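Notes to accompany the following structure.
Small disclaimer: the values here were computed from a predicted structure and weren't measured. Start at 1 and go down the list; that is how both ligands and their atoms are numbered. The basis for the numbers below is simple: all heavy atoms, side chains too, and nothing from hydrogens, waters or symmetry mates.
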Amino acid sequence: MSEEKKIPYKIYLSEDEIPKQWYNVRADMKNKPAPLLNPGTHKPMGFEDLRPVFCDELIKQELDDTTPYVDIPQEVQDFYKMYRPAPLVRAYCLEKALGTPAKIYYKFEGNNTSGSHKLNSAIVQAYYAKKQGLKGVTTETGAGQWGTALSMASAYLGIDCKVYMVKVSYEQKPFRREVMRTYGASVTPSPSMETEIGKKINAEHPGTTGSLGCAISEAVEVATKTEGYRYVLGSVLNQVLLHQTVIGLEAKAALDKYGITPDIIIGCAGGGSNLGGLISPFMGEKLRGEKDYRIIAVEPASCPSFTRGKFAYDFCDTGMVCPLAKMYTLGSNFIPSANHAGGLRYHGMSPILSQLYHDGYMEAVTAEQTSVFEAAQRFARVEGILPAPESSHAIKVAIDEALKCKETGEEKTILFGLTGTGYFDMVAYQKYNDGEMTDYIPSDEELQKSFATLPDVGEL
Ligand SMILES: *Cc1c(COP(=O)(O)O)cnc(C)c1O
């Protein structure tokens, strides 16, 4: 481009420019993510093996390592139009406040009631469940964004939605619960006394406040035992990452309009779905040798799957009923300390991102929660959005990188994912504002203890 166009604060796409296909990055990966294994026999699981748990069309997407582009059903495209395209924002105000020559962009996914990107996949999963003629879906939720997103999608399509909510969140976030109930979902604190696994966990750990892994086991049990129901999951799985590529495809289309190429792409990583969705089109170029980008995953220091976990087959849930996935994991027994980034507390990581990280295509760093809230506050005060604690991990590292540019004078272009808003996290903000927030980093001994529970799958 000969003359640089003035870049607006927000780069919007038109409705027609919302992607009509998702991009499947696995098609361009030389080393594919490892297959899911049966937790009992340790044999790779095919379509038929997964049918009792998941919807048929979603299983096909889960197992498809070769199709580069997958059509987005028209009904889903229409739903996307209600809240997409999501804006790509040039953080001029933040740049000015930091005094950095870096150019900072963020893709904002918080413009819907779930307050996060999770709706992008929830609507797809509910759509395929409905299309298969199912009555409803079951799921777990921790912080509540995923449960909210799935409740919204299920209400829209007129199917039933049963949410198992980690007990501690159920009690601490009553408003989240009411949002889900307003959308017609039933919300049960987990572990409950309604399932075999819930009863067992309650008996073994009286007074437990639950975990994501435990809520997953309950939701899977209910789905497999109830006629006309299937289980759906909001992160980690290949299919979810595929749906979330609308984030990256839109971001790339917006940047391309102005001939902008990011140098660094940053995202927070819980199970890896927003990060995977944001980076996929860029990673595709990197994998095909067309372009190079620095890609950084940011995880909480209290739940460091990439940076301190093992790349191994592990259980996805506490009850050990789900398929085994090969991923960076802290062990399915790992219970992170009570940090405030609820959506980043999962013990494992997307098998796709795990493979890409293992093969050296991306980096990972950790951030401690007080520094994350410091970044959140700094951002909120100049950019006008109150960010989710999860998203603020990405903000923290984007600011760090921008400040490095200030030292070196480099005008790097930074793109990060702002996954959502933090209105339901005001207890956490209150702790931070009162100076009562603490940081917790698990010891090596703690991690060793939970690595000891990794299943031995032998040579494959
Ligand atoms: C769930 C959630 C995350 C983390 O999930 P990923 O699958 O890693 O993207 C991040 N931010 C927000 C706002 C969330 O709700």
Side-chain angles (χ1 to χ4, degrees), residues 86 106-122 125 139-152 165-166 169 173 176 179-180 212 215-216 232-248 265-280 295-300 303-306 316 325 327-328 336 339-354 356-357 362 364 367 369 372 376 379 385-397 416-425 428:
Y106 59 88
K107 180 75 171 161
F108 181 49
E109 290 289 328
N111 271 333
N112 70 79
T113 294
S114 81
S116 81
H117 62 288
K118 299 240 171 37
L119 194 54
N120 299 333
S121 182
Q125 301 196 43
T139 199
E140 75 295 327
T141 199
Q145 289 96 319
W146 167 246
T148 307
L150 190 67
S151 306
M152 294 170 70
M165 186 170 188
V166 178
S169 304
K173 297 192 176 182
R176 268 271 183 231
V179 177
M180 287 184 254
L212 263 183
I216 294 174
V232 296
L233 180 64
S235 185
V236 186
L237 295 175
N238 300 340
Q239 53 182 278
V240 182
L241 202 142
L242 175 75
H243 308 151
Q244 293 296 356
T245 61
V246 289
I247 304 172
I265 307 171
I266 301 166
C268 63
S273 73
N274 89 82
L275 177 65
L278 175 67
I279 66 172
S280 275
I295 295 171
I296 310 174
V298 191
E299 54 186 17
C303 194
S305 328
F306 269 135
C316 295
M327 57 189 176
Y328 278 86
N339 74 60
H340 292 291
L344 304 182
R345 298 188 60 200
Y346 189 62
H347 67 273
M349 185 54 68
S350 144
I352 295 177
L353 293 189
S354 292
L356 289 167
Y357 178 66
M362 52 188 279
Q369 73 171 351
V372 166
F379 179 87
I385 294 171
L386 184 89
E390 292 90 346
S391 325
S392 305
H393 287 70
I395 298 176
K396 156 84 172 86
V397 173
F416 74 90
L418 188 70
T419 49
T421 47
Y423 306 127
F424 287 99
D425 299 283

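Between the CG atom of Leu233 and the CG atom of Leu150 there is a distance of 10.5 Å, given to the nearest 0.5 Å.
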Report each N/O pair between ligand 1 and the protein that falls under 3.5 Å, naming both atoms.
| unit_1 | atom_1 | unit_2 | atom_2 | d |
| --- | --- | --- | --- | --- |
| ligand 1 | 7 (O) | Ser235 | OG | 2.5 |
| ligand 1 | 7 (O) | Ser273 | N | 2.9 |
| ligand 1 | 7 (O) | Ser273 | OG | 2.7 |
| ligand 1 | 8 (O) | Gly270 | N | 2.7 |
| ligand 1 | 8 (O) | Gly271 | N | 3.0 |
| ligand 1 | 8 (O) | Gly272 | N | 2.8 |
| ligand 1 | 9 (O) | His117 | NE2 | 3.1 |
| ligand 1 | 9 (O) | Ser273 | OG | 3.3 |
| ligand 1 | 9 (O) | Asn274 | N | 2.8 |
| ligand 1 | 9 (O) | Asn274 | ND2 | 2.7 |
| ligand 1 | 11 (N) | Thr419 | OG1 | 2.7 |
| ligand 1 | 15 (O) | Lys118 | NZ | 2.6 |
| ligand 1 | 15 (O) | Gln145 | NE2 | 3.3 |

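In this structure, the side chain of Ser392 does not engage the main chain of Ala376 through any donor-acceptor pair within 3.5 Å.
For Tyr328, the ring-ring contact (aromatic ring centres under 6.0 Å, His included) partners at least two apart in sequence or on another chain are Phe306, Phe311, Tyr357. Every side chain to side chain contact (heavy atoms under 4.5 Å, CB included) that Ser169 has, sequence neighbours left out, goes to Met165, Val166. Looking at residues two or more places apart in sequence or on another chain, you find a side chain to side chain contact (heavy atoms under 4.5 Å, CB included) between Ser116 and Ser114, Lys118, Gln145.
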Worked verdict on Phe416 versus Ser391 for side-chain contact (heavy atoms from CB on, under 4.5 Å): CA-CA 9 Å; Phe416 74 90; Ser391 325; over 6 Å; no
